[in-house]
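Working notes, beginning with the structure itself.
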Amino acid sequence: MEPISILLALAGIGAGFGGSTYLTKKKLGTAEEKANKELKKAKAEAEKLVEAAKKEANELEDATRKEDQARRKEFKDIEKRLLDREEALDKKLDNLDKRTEALRKGEDEVEALKNEIRDIRKKQQDKLEKIAKLTKADAAEKLMAMTERDIKDDLKGLITKLQNDARENAEEKAGVILVQTMERMASEVTAERTVTSVKLEDEEMKGRIIGKEGRNIQALQRATGVDIMVDDTPGFIILSSFDPVRREIARVALEMLLKDGRVHPGRIEEVVEKAQKQVHKDVVRAGEDAAREVGIIGIPKEILQYLGELKYRTSYGQNVLKHSTEMAHMAGVLAEQIGADVKTSKYAALIHDMGKALTHKIEGKHHHITGEIARKYGVDEKIAHAAEAHHDDMEATTPEALVVRVVDAISAARPGARNISQENFVERMKELENVATGFKGVDKAYAISAGREVRVFVKPTDLDDLGSIKLARDVANKIESTMQYPGTIKVNVIRETRAIEFAK
């Protein structure tokens, strides 16, 4: 290659390189300017943010400072009020101390005056005794003797006249008071019966109640202890038992079964349990209603429970709860007329037969049991004594006890109020059951069919089959030897073992 060509080539290359360098420097200058602009812009924005943060911090600091100042002011106000109250209390204490000191001085002055008066009286008495030549006791004795001598005859005449007037008028006045009391109280005297009837809407229900081979009716009789007669009266099922509580439970349970329509042994046990709970509620409600009716408040719940049980008890055919409420009303009237305590008389009359709800659980006469239960639950001794003393085997020492005794006789003596044969029947039924339950291994016993049968349920774990046979003979022998009864009594001993399991 020629030198000229080489030089031209080199010159071209140098020119191209120089141009490229120039362009590169120009581009770098432009980038640097942009970077500087962005940096300035970023610095400006950063300065703005810093200024905003400083402003916000200053505002927060001002708010905090103001809040702190307000709180300090509030604390100062509270402290000032406390100091003012403390000063006021100190002043009051100082005033109380001053008044106490003044009262103490006044008491001392009064005591000194009393002592001075006693001295003066003693000196005057000594002077009078010297003048009269008699002591105070001698003068009083002579004065009383003179007075007695002067008015003795007059007093005798007055006493004799008062006694004669009392004898002449006492019986008449007592009769008037009793008649007025009886006139103001007229209550129902219908006697309780030993049977209860349940109406059937459909004769087909009799078959369900009896069940296959009598399984349902036997389960119902076993659960309630009530004799159930299905075929005696068309359209009715008759429940027979001397114990009205059992009859009521059986009636409620039977009505539930008839309404539900499902009748089988398992359902029967469930329904009888519900009926027992319902009757228990009715018992409590009956006690509360009786207390409310006679206007007695504050009776303990346990006593109200026993009082409600009297709704299902009878005494000589007379409903005991009605008899008690009737007595309470009459006791209030009679007590008011003779000046006795009305509340005590009414309270005692209301609970006087409470022991009849417990006579089969606690030994003793019902009126003594009433007194014990009343004292156990904190009833006033005057009320407990008045309730306990309504029979003649205990002396009535208060007017209220005499009132309860009188109104008890009034309530029981009215024509139709009592039925002696009914009471004897009930007592005989209870004795039959007590004879059976007195043997070992007996779970429960029921006298049914008007006392012609005793059903005895034994614990299967305590007696075997041979023991049940022997128990039936022993119960029958004891009934023969200890009781008087017409006809024959069937002793039916039932031993049942149940096995229950659940499939899950």
Carboxylate-amine/guanidinium proximity below 4.0 Å for [X] and [Y]:
X	Y	result
Lys80	Asp84	no
Arg104	Glu107	no
Glu101	Lys98	no
Glu433	Arg246	yes
Arg251	Glu255	yes
Arg71	Glu67	yes
Asp94	Lys91	no
Glu496	Arg222	yes
Glu453	Arg455	yes
Asp119	Lys122	no

Under 3.5 Å, is there a donor-acceptor pair linking the side chains of Asp408 and His391?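 Result is no, nothing qualifies.
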We want to know whether His352 and Thr370 form a side-chain donor-acceptor pair, criterion being a heavy-atom distance below 3.5 angstrom.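 Their side chains do not contain a donor-acceptor pair, so the 3.5 Å distance test is not met.
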What distance separates [X] [atom1] from [Y] [atom2], expressed to the nearest 0.5 Å?
X	Y	atom1	atom2	value
Ile249	Leu239	CD1	CG	12.0 Å
Leu103	Arg99	CG	CZ	7.0 Å
Ile299	Tyr347	CD1	OH	4.5 Å
Lys301	Leu304	NZ	CG	9.5 Å

Find out whether the Lys NZ or Arg CZ of Lys478 is both under 6.0 angstrom from the six-membered ring centre of Phe439 and within 45° of the ring's axis.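 The answer is yes, since Lys478 meets both limits relative to Phe439.
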Can you see which heavy atom on [X] is nearest to which on [Y], and at what distance?
X	Y	result
Ala436	Val454	CB-CG1, 4.1 Å
Val404	Ala348	CG2-CB, 3.8 Å
Thr325	Ala290	CG2-CB, 3.7 Å

For the side chain of Lys346 and the backbone of Ile296, is there at least one donor-acceptor N/O pair under 3.5 Å apart? no
How far apart are the C-alpha atoms of Lys444 and Thr437, what are their side-chain angles, what is the distance that settles it, and do they pass the side-chain contact (heavy atoms from CB on, under 4.5 Å) test? CA-CA 6 Å; Lys444 50 190 175 183; Thr437 54; 5.9 Å; no
Ring pair (Phe, Tyr, Trp, His ring centres under 6.0 Å) involving His280 - partner list, sequence neighbours excluded: none
